[in-house]
Number of protein chains: 2
Amino acid sequence: MSTTYTIGQVSTALNIPSSTLRYYDKLHFLPHLKKSASGIRQFDQADIDTIRIIECLKLAGLSIKEIQQFTQMLAEGDASLAKRQQFFHQIRQNFIQKLTQMQQTLAVLDFKCAYYDQAAADGTEALVQKNMSLSSVIPDQPALPTNSPV
Amino acid sequence: MSTTYTIGQVSTALNIPSSTLRYYDKLHFLPHLKKSASGIRQFDQADIDTIRIIECLKLAGLSIKEIQQFTQMLAEGDASLAKRQQFFHQIRQNFIQKLTQMQQTLAVLDFKCAYYDQAAADGTEALVQKNMSLSSVIPDQPALPTNSPV
DNA sequence: CCTTGACTTAAAGTTAACTTTAAGGATTAT
DNA sequence: ATAATCCTTAAAGTTAACTTTAAGTCAAGG
């Protein structure tokens with residue numbers, strides 16, 4: 001019989017509202033979660049670990065439905081090991097793509113910081129507009145039609 | 001008189017729905033956007049550049065309201081240069097924090113991939129549960145009360 | 001004994017960021 | 001010239017992920 005915790009304790013410890021934990025339970029995010037005779041949820045360490053992985057999956061950009069796919073696999077036990085392996089490799093691939101895109105975004109922010117550092121020093125945007133080009137940082141936009149349409 | 005583009009051309013070129021471009025206009029994201037006598041929007045290169053920066057700010061996690069703050073500064077011209085400088089430095093700081101957190105998340109995903117690679121090879125999760133610990137990758141959880149509350 | 005506070009449920013409400021609809025005017029293709 | 005395709009507006013609808021509300025149970029403290 002391992003130690004268990006009430007929803008309030010878990011809420012405080014992980015800094016997640018109780019309402020959210022109940023919502024997760026309703027979505028079957030915690031397939032092993034037990035309840036007392038009077039209906040009180042009893043979280044054990046495995047449940048808490050699952051919640052922490054769910055937080056991680058959310059940070060990785062997964063939707064509720066995608067997380068449900070995962071927790072359903074959890075409920076299937078060892079039979080779903082290969083599926084879970086594939087699942088995480090896929091998530092990781094997508095996540096690395098997202099990280100790469102964010103590096104690009106950081107480059108733009110770096111550029112804009114340098115741009116406004118110079119503009120503020122100049123007291124005007126006019127000079128810097130001539131001399132600093134965003135296209136040095138991001139790929140040029142897809143071609144627009146060259147005719148004036150209006 | 002520089003070349004201008006219709007909303008449809010911009011929509012196609014930047015792969016943003018026309019409805020979204022109109023929505024942005026309604027929110028005053030494009031302070032310099034002109035309209036023809038008959039009310040047709042005429043996007044010029046500066047407007048397009050602004051849209052691309054807005055896309056970047058969205059990727060950086062800014063809300064519509066925060067983007068509105070920025071476009072309002074744009075409308076103020078050189079008078080807002082110092083504000084815009086601060087704005088971008090702040091955005092950049094927050095963004096770097098987010099990137100750092102994502103590196104952490106990647107570490108968890110790496111762990112989970114290795115975990116399930118081994119589990120799938122073993123054919124069971126039992127072994128790997130004993131031998132691989134997530135806490136090697138993420139800081140231990142904040143302490144939970146040690147008494148069993150139920 | 002009765003109040004306080006944590007817990008329960010189902011269901012309605014919230015927020016952000018679009019997206020669609022309805023009703024109609026202007027431009028382009030055949 | 002006339003149908004198709006763009007454009008306009010204001011307003012209502014959508015979706016995700018919670019969050020709040022209403023109504024009620026239950027155990028412990030003064």
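- Minimum atom distance to the side chain of Ile40(A) is reached by dC7(C), of the listed dC7(C), dT19(C), dA17(D).
- Relative to the side chain of Ile64(A), the nucleotides dT19(C), dA17(D), dT8(C) differ in distance, and dA17(D) lies closest.
- Counting only heavy atoms from C-beta on, Ser19(B) has its side chain closest to dT19(C) among dA17(C), dT8(C), dT19(C).
- A salt bridge does not link Asp44(A) to Lys34(A): none of the charged side-chain nitrogens sits closer than 4.0 Å to a carboxylate oxygen.
- For the pair Lys112(B) and Tyr115(B), the cation sits on the ring face: its NZ or CZ lies under 6.0 Å from the ring centre, inside 45° of the axis.
- Comparing Tyr24(A) and Asp25(B), the nucleotide of DNA chain D nearest to each residue sits closer to the 5' end for Asp25(B).
- Each of Leu62(B) and Gly39(A) lies near DNA chain C, and the nucleotide nearest Gly39(A) is the one positioned closer to the 5' end.
- Going from atom NZ of Lys26(B) over to atom P of dA12(D) covers 11 Å, rounded to whole Å.
- For Pro17(A), whose side chain is taken as the heavy atoms from C-beta onward, the closest listed nucleotide among dC7(C), dT9(D), dT19(D) is dT19(D).
- Distance CZ (Arg22(A)) to C1' (dA17(D)): 17 Å, rounded to an integer number of Å.
- The side chain of Tyr23(A) lies closest to dA17(D), out of dC18(C), dA17(D), dA17(C).
- Among the protein residues, Ser18(A) comes within range of no part of the nucleic acid, since none of its heavy atoms lies under 4.0 Å from any strand.
- Here the P atom of nucleotide dA6(C) and the NZ atom of Lys35(A) are 19 Å apart, to the nearest Å.
- Between Lys58(A) and Glu55(A) there is a salt bridge, since at least one side-chain N of the basic residue sits less than 4.0 Å from a carboxylate O of the acidic one.
- The residue Ser38(B) sits apart from the nucleic acid: no heavy atom pair falls under 4.0 Å.
- Across the protein-nucleic acid pair, Gln42(B) atom CD and dC6(D) atom C1' stand 15 Å apart, rounded to whole Å.
- Following rounding to the nearest Å, Lys58(B) (NZ) and dA16(C) (C1') show an atom-to-atom distance of 12 Å.
- Between Ile7(A) atom CD1 and dA6(C) atom P the separation is 13 Å, expressed in whole Å.
- The aromatic rings of Phe88(B) and Tyr116(A) sit parallel, their planes meeting at an angle under 30°, below the 60° perpendicular limit.
- A close approach under 4.0 Å does not occur between any side-chain nitrogen or oxygen of Arg41(B) and OP1 or OP2 of dC7(D).
- Computed from coordinates, the Leu27(B) CG to dT15(C) P distance equals 17 Å when rounded to whole Å.
- Judged purely by distance below 3.5 Å, without hydrogens or angles, the side chains of Gln9(B) and Thr12(B) never pair a donor atom with an acceptor atom.
- Nucleotide dC7(D) holds its P atom 15 Å from the OH atom of Tyr5(B), rounded to whole Å.
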